[in-house]
Amino acid sequence: MDERLQKLRQKRELALQGGGAKRIDAQHAQGKLTARERLAVLLDEGSFQELGALATHQNTDFGMADKKFPGDGVVTGFGKVNGRRVAVYAQDFTVLGGSFSQVQSNKICRLQDLAMESGIPLIGLNDSGGARVQEGVKSLAAYGEVFFRNVAASGVIPQLSLIMGPCAGGAVYSPALTDFVIMVDGSANMFLTGPEIIKAVTGEEVTSEDLGGAWVHNARSGVAHFESASDQEALELAKLVLSYLPQNNSQDPPSLTPYDDPYRAEAALDSIIPQDDNQPYDMRDVLDLVFDRESVLEVHSQFAPNAVTAFARLDGHSIGIVANQPSVLSGALDIDSSDKISRFISLCDMFNIPLVTFVDCPGYLPGVNQEYGGVIRHGAKIIYAYSQATVPKLCVVTRKAIGGSYVALSSKQMGNDIALAWPSAQIAVMGAEGASKLLNRKKPNQDLKETLSDTEFIAEYREKFFNPYNAADVGQIDEVIEPAETRLRLIQSLEVLRTKVQTGLPKKHGLFPV
Ligand code: HXC
């Protein structure tokens, strides 16, 4: 028995060594943790149960018979994050560059299946040179197995992808199919085709960092939702994101014991909207004052900054916030912000997180490039996502709700349960100057009298529509409130709506306007 135990212990010890001391040193030299060190940061102490630690590949081509490592470049298993069960895989770059083999796929797929059956979140730590070249099509098919399960798990369990090293070729599609992508600045990059192939095909010269670094995917492409400065920070961020999410779609997100006064009325909100309509303000200041102290966590903060999407807490409950950001592009909606907003609405809806929308939007951004880029179908995504979402939906119009932005973001017709407005709200079909131009089209021999009539028209238009009372009169706004009351009104409204049930017509699925 002793001998047999000894053998197991030796094998286990070998598995812990990954690709060996030299490669672990190289990993550390790049400022990266190893797969097992990352798991130690992520998981509650002593909670990790590994599966497949001794699995090895069976490939004998290209000298691979001599290159066997227990675990084959990925550590998989279950553990706990702040007491909650999670499934997790961590690719081990020290073993054959973390390259993706059939064995890796088998281990990850098994984890995906068990996570779906048990209804627990799946976290993937990615650090890999992509498909294992020596395995040919087997390695490609292996990716397909994982992608298929990513889709099956979508909307059932939360899926988080942390990119902590290279993620190239087909490897990018698994993270792209998950709910959140967190990239580590400096060490992570994601691209379908690398700099060398791009140079050969298009002649463009670009570095890996400029092609697919953390900044690129957070600020430009929108592929990533969070950027972190280090492995540790990325892992802590993953824990924080999880804290707003339920274990699966049949549960509500966990709520915290309330730690902030529900009756806290912030007088600062009463004067936050500038007197001048064209003056910006930072919507994040509004959110920080309304929601539980320090609870606002922006998602996609660098992408499409003319909109804000964030998790927060209200009286301890998890909330999804959608807001316009008047300090960027006056908060106008465009292609990227439509993508950002609609994705976030769908995400909150699938995980039973109520939505609160703060509206200050002059409408969709005019422009030839926007129209050529398909702002019509991108903008339609917001309407589709709100209309489809059955979670409680509240809105607060802080200032402008003009034209399409009123309909898409704050109208009862999108299924808004309770629509609140501040006295500074302006709800109209279009801006006053635009309306004047449209209705009082200038004639070639226009005289001074007609110009004055424009001014009168604008004054009358502003008087009539640039307030919330017209909309409240006709029942499109439920209540005009003092800004300082916003927190309490939202808490009370959500208390009522917590048990909301809404069902639609049976269908296979609709056609999301992608
Ligand atoms: C097999 C690989 C590998 C791979 C790296 N290695 N990538 N082995 N298949 N895909 C091995 C290396 O040979 C090396 O082994 C060890 O891992 C460490 O790699 P290095 O190159 O020494 O590390 P580094 O200098 O840090 O460079 C890392 C890297 C580079 C930038 C990721 O390895 C690289 O460019 N790899 C290929 C990336 C790529 O193009 N992947 C896409 C594959 S196509 P030794 O033993 O020599 O130390 C694809 C399509 C899938 O994924 C489509 C699915 C739908």
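Each ligand, and each atom within it, is numbered from 1 in the order the structure gives. Each residue takes its place number in the sequence, starting with 1.
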Please check: side-chain N/O of Asn218 versus main-chain N/O of Ala214, any donor-acceptor pairing under 3.5 Å? yes
Donor-acceptor contact present, side-chain Glu145 to main-chain Asn106, <3.5 Å: no
Within reach of ligand 1, part of [X] (heavy-atom separation under 4.0 Å):
{"X": "Phe93", "result": "side chain"}
{"X": "Pro166", "result": "side chain"}
{"X": "Leu140", "result": "side chain"}

By number and element, which atoms of ligand 1 are closer than 4.0 Å to a non-hydrogen atom of Arg23? 45 (P), 46 (O), 48 (O)
Within the 4.0 Å heavy-atom shell around Gly170, which atoms of ligand 1 are there? 49 (C), 50 (C), 51 (C), 52 (O), 53 (C), 54 (C), 55 (C)
For [atom], find the nearest protein heavy atom and state the residue, atom name and distance (0.1 Å precision).
{"atom": "atom 9 (N) of ligand 1", "value": "Val133 N, 3.1 Å"}
{"atom": "atom 42 (C) of ligand 1", "value": "Gly129 O, 3.9 Å"}
{"atom": "atom 3 (C) of ligand 1", "value": "Ser99 CB, 3.9 Å"}
{"atom": "atom 10 (N) of ligand 1", "value": "Ala131 O, 2.9 Å"}

Just verifying a value: how many Å separate His378 NE2 and Ile335 CD1, rounded to the nearest 0.5 Å? 5.0 Å
Gap between atom CG of Leu33 and atom OG of Ser230 - 0.5 Å precision: 8.0 Å
I'd like to know if [atom] has any protein heavy atom within a distance of less than 4.0 Å.
{"atom": "atom 37 (C) of ligand 1", "value": "yes"}
{"atom": "atom 20 (P) of ligand 1", "value": "no"}
{"atom": "atom 40 (O) of ligand 1", "value": "no"}
{"atom": "atom 1 (C) of ligand 1", "value": "yes"}
{"atom": "atom 14 (C) of ligand 1", "value": "no"}

Between Lys381 and Phe512, is NZ or CZ placed under 6.0 angstrom from the six-membered ring centre and within 45° of the ring axis? no
Hey, is CZ on Arg498 packed in by over 12 heavy atoms from elsewhere, all under 6.0 Å? yes
So, Arg132 and Ser99: side-chain donor and acceptor under 3.5 Å apart, yes or no? yes
May I ask you to test the Val296-Arg313 pair for a side-chain heavy-atom distance under 4.5 Å? no
